[in-house]
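Here's the structure, in structure tokens; my notes come after.
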There are 2 protein chains.
Amino acid sequence: MSQQALKGHLDMLVLAVLADGPKHGYAVIDALRDRSDEAFDLPEGTVYPALHRLERAGLLRSEWSEVQGRRRRTYHLTDAGTTGLATRAAEWQRFVASVGDVIGRSGPWPASA
Amino acid sequence: MSQQALKGHLDMLVLAVLADGPKHGYAVIDALRDRSDEAFDLPEGTVYPALHRLERAGLLRSEWSEVQGRRRRTYHLTDAGTTGLATRAAEWQRFVASVGDVIGRSGPWPASA
DNA sequence: CTCTATGCATAGATTCACTAGGTATGAGTC
DNA sequence: GACTCATACCTAGTGAATCTATGCATAGAG
């Protein structure tokens with residue numbers, strides 16, 4: 001996968017896995033890898049700053065906890081995060097449709113699942 | 001549309017419009033706008049550097065001509081450009097499928113055309 | 001003559017994922 | 001006990017690539 005393919009779409013992916021339920025950072029990374037069948041195996045240096053950015057933007061909130069001697073910061077979507085995800089997902093689908101128009105796709109995408 | 005959505009995908013789009021036939025830079029911009037129904041209305045400062053980059057990479061070649069007193073640089077795909085487009089289009093579809101897996105798409109995309 | 005569209009170009013700003021490092025705990029191995 | 005690995009957090013700096021802003025030049029319309 002191209003190194004820049006994610007640009008501008010990472011926030012949506014993070015919001016999407018958190019829409020399933022609160023998770024701490026490391027679990028977000030695992031969820032992205034599992035759900036994408038290894039396609040999105042993101043380094044911590046990518047995901048942690050994204051989480052901080054989304055919290056600063058008000059789309060996430062977090063609480064600290066301690067589980068078996070390890071500090072965890074668990075993130076959950078705010079209301080703004082929920083609507084933000086919906087907005088980004090809609091934009092994504094328009095983007096995909098536009099790219100399809102340009103590259104000349106005719107039929108529906110092959111199902112992956 | 002997000003400002004960064006194109007990151008890493010612009011090359012594919014440029015190659016796609018040139019796969020339809022040789023075009024000069026300004027015409028590439030027009031083709032992208034027309035084919036995407038205005039969604040991709042890209043500034044010259046985006047497209048010209050992309051064309052130069054693709055030519056340096058050997059995916060495009062260009063010739064100068066003069067039409068009605070205006071200098072034109074017309075680009076066409078090389079063989080590497082044709083295969084490069086196929087590669088990028090395949091990667092794009094895998095990327096779209098992976099994003100779909102993460103954000104929980106179930107059915108096929110709604111047809112846009 | 002001015003303004004717009006056409007047609008090319010580049011320099012600098014900006015965004016954002018990634019690389020590379022750092023800290024710390026728990027569990028398993030030798 | 002020492003070592004290694006997985007878990008779990010963090011940030012500074014790099015790099016790639018699009019966008020903003022600007023410049024030059026010609027043709028045509030008003």
Side-chain angles (χ1 to χ4, degrees), chain A residues 1-15 22-34 36 39-57 59-60 62-75 88 95 98-99 102, chain B residues 1-15 22-34 36 39-57 59-60 62-75 88 91-92 95 98-99 102:
Chain A
M1 167 131 37
S2 157
Q3 302 299 328
Q4 274 75 32
L6 276 179
K7 277 276 163 110
H9 307 295
L10 174 62
D11 289 359
M12 173 181 62
L13 297 175
V14 169
L15 293 173
K23 285 175 186 60
H24 61 285
Y26 213 79
V28 168
I29 293 173
D30 284 342
L32 285 169
R33 184 175 47 241
D34 292 347
S36 68
F40 300 138
D41 193 1
L42 305 180
E44 303 173 5
T46 293
V47 175
Y48 286 122
L51 289 167
H52 300 164
R53 188 167 61 235
L54 289 167
E55 184 166 27
R56 267 201 312 279
L59 304 183
L60 299 181
S62 67
E63 303 92 32
W64 283 100
S65 59
E66 182 142 349
V67 178
Q68 294 182 334
R70 289 196 187 90
R71 287 166 76 242
R72 279 185 178 174
R73 191 159 159 184
T74 301
Y75 293 89
R88 282 164 175 76
F95 177 67
S98 295
V99 171
V102 171
Chain B
M1 167 129 38
S2 157
Q3 303 298 328
Q4 275 74 32
L6 277 178
K7 279 276 165 107
H9 308 294
L10 175 62
D11 288 0
M12 173 182 62
L13 297 175
V14 169
L15 292 173
K23 285 174 186 59
H24 61 285
Y26 213 78
V28 169
I29 294 174
D30 285 342
L32 286 170
R33 185 174 48 240
D34 292 348
S36 68
F40 300 138
D41 193 1
L42 305 179
E44 303 173 5
T46 294
V47 175
Y48 286 122
L51 290 167
H52 301 164
R53 189 168 59 235
L54 289 167
E55 185 166 27
R56 269 200 312 278
L59 305 183
L60 299 180
S62 67
E63 303 91 32
W64 284 100
S65 60
E66 181 143 347
V67 178
Q68 293 184 333
R70 290 196 187 93
R71 288 165 76 241
R72 279 185 178 173
R73 191 161 160 183
T74 300
Y75 293 88
R88 281 164 176 74
E91 262 177 35
W92 164 251
F95 178 67
S98 295
V99 171
V102 171

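Sequence lines set the chain letters: A, B, ... in the order given, protein chains first and strands last, and positions in each chain run from 1. These values consider heavy atoms only, across backbone and side chains, with no hydrogens, waters or symmetry-generated copies.
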Starting at atom [atom1] of [X], determine the distance to atom [atom2] of [N], rounded to an integer number of angstrom.
| X | N | atom1 | atom2 | answer |
| --- | --- | --- | --- | --- |
| A:His24 | C:dA24 | NE2 | P | 20 Å |
| B:Arg53 | D:dA17 | CZ | P | 6 Å |
| A:His52 | D:dA12 | NE2 | C1' | 14 Å |
| A:Arg73 | C:dT25 | CZ | C1' | 19 Å |
| B:Glu66 | D:dA25 | CD | C1' | 11 Å |
| B:Leu42 | D:dC19 | CG | P | 6 Å |
| B:Glu55 | C:dC8 | CD | P | 12 Å |
| B:Arg56 | D:dA16 | CZ | C1' | 12 Å |

Which word best sums up how the rings of B:Phe95 and A:Phe40 line up, parallel for under 30°, tilted for 30 to 60°, or perpendicular for over 60°?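 It falls in the perpendicular class, over 60°.
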Could you tell me how the ring of B:His52 sits relative to the ring of B:Tyr75: parallel (under 30°), tilted (30 to 60°) or perpendicular (over 60°)?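 If you compare the ring of B:His52 with that of B:Tyr75, the planes turn out tilted.
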Among [options], the nucleotide that comes nearest once only the side chain of [X] is considered:
| X | options | result |
| --- | --- | --- |
| A:Gln4 | C:dT6, D:dA17, D:dT18 | D:dA17 |
| A:Tyr48 | D:dT26, D:dC10, C:dC8 | D:dC10 |
| B:Glu44 | D:dG23, C:dA5, D:dT18 | D:dG23 |
| A:Arg70 | C:dT19, C:dT10, D:dA8 | D:dA8 |

Please work out if B:Gly45 contacts a base, only the sugar-phosphate, or nothing of the nucleic acid, heavy-atom cut-off 4.0 Å.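 Answer is base: heavy atoms of B:Gly45 come under 4.0 Å of a base.
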Report yes if at least one side-chain N or O of B:Arg72 is closer than 4.0 Å to OP1 or OP2 of C:dT6; otherwise report no.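 So the side-chain polar atoms of B:Arg72 never come under 4.0 Å of the phosphate oxygens OP1 or OP2 of C:dT6.
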Give a yes or no on whether a donor-acceptor pair under 3.5 Å exists between the nucleobase atoms of C:dA17, that is its base, and the side chain of A:Lys7.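 It does not, because no donor-acceptor pair links the side chain of A:Lys7 to the base of C:dA17 below 3.5 Å.
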Can you give me the closest heavy-atom contact between B:Arg73 and B:Ser62, atom names plus distance?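 In this case the closest contact between B:Arg73 and B:Ser62 is NE-OG, 3.1 Å.
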Of A:Asp11 and A:Gln68, the one whose nearest nucleotide on DNA chain C sits closer to the 5' end is A:Asp11
Is there side-chain contact between A:Lys23 and A:Asp30, with at least one heavy-atom pair below 4.5 Å?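 No; the side chains remain at least 4.5 Å from each other.
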Passes side-chain contact (heavy atoms from CB on, under 4.5 Å), B:Val99 versus A:Met12? Steps please. CA-CA 9 Å; B:Val99 171; A:Met12 173 181 62; 3.8 Å; yes
The answer to which of A:Gly25 and B:Pro43 contacts DNA chain D further toward the 5' end, by nearest nucleotide, is A:Gly25
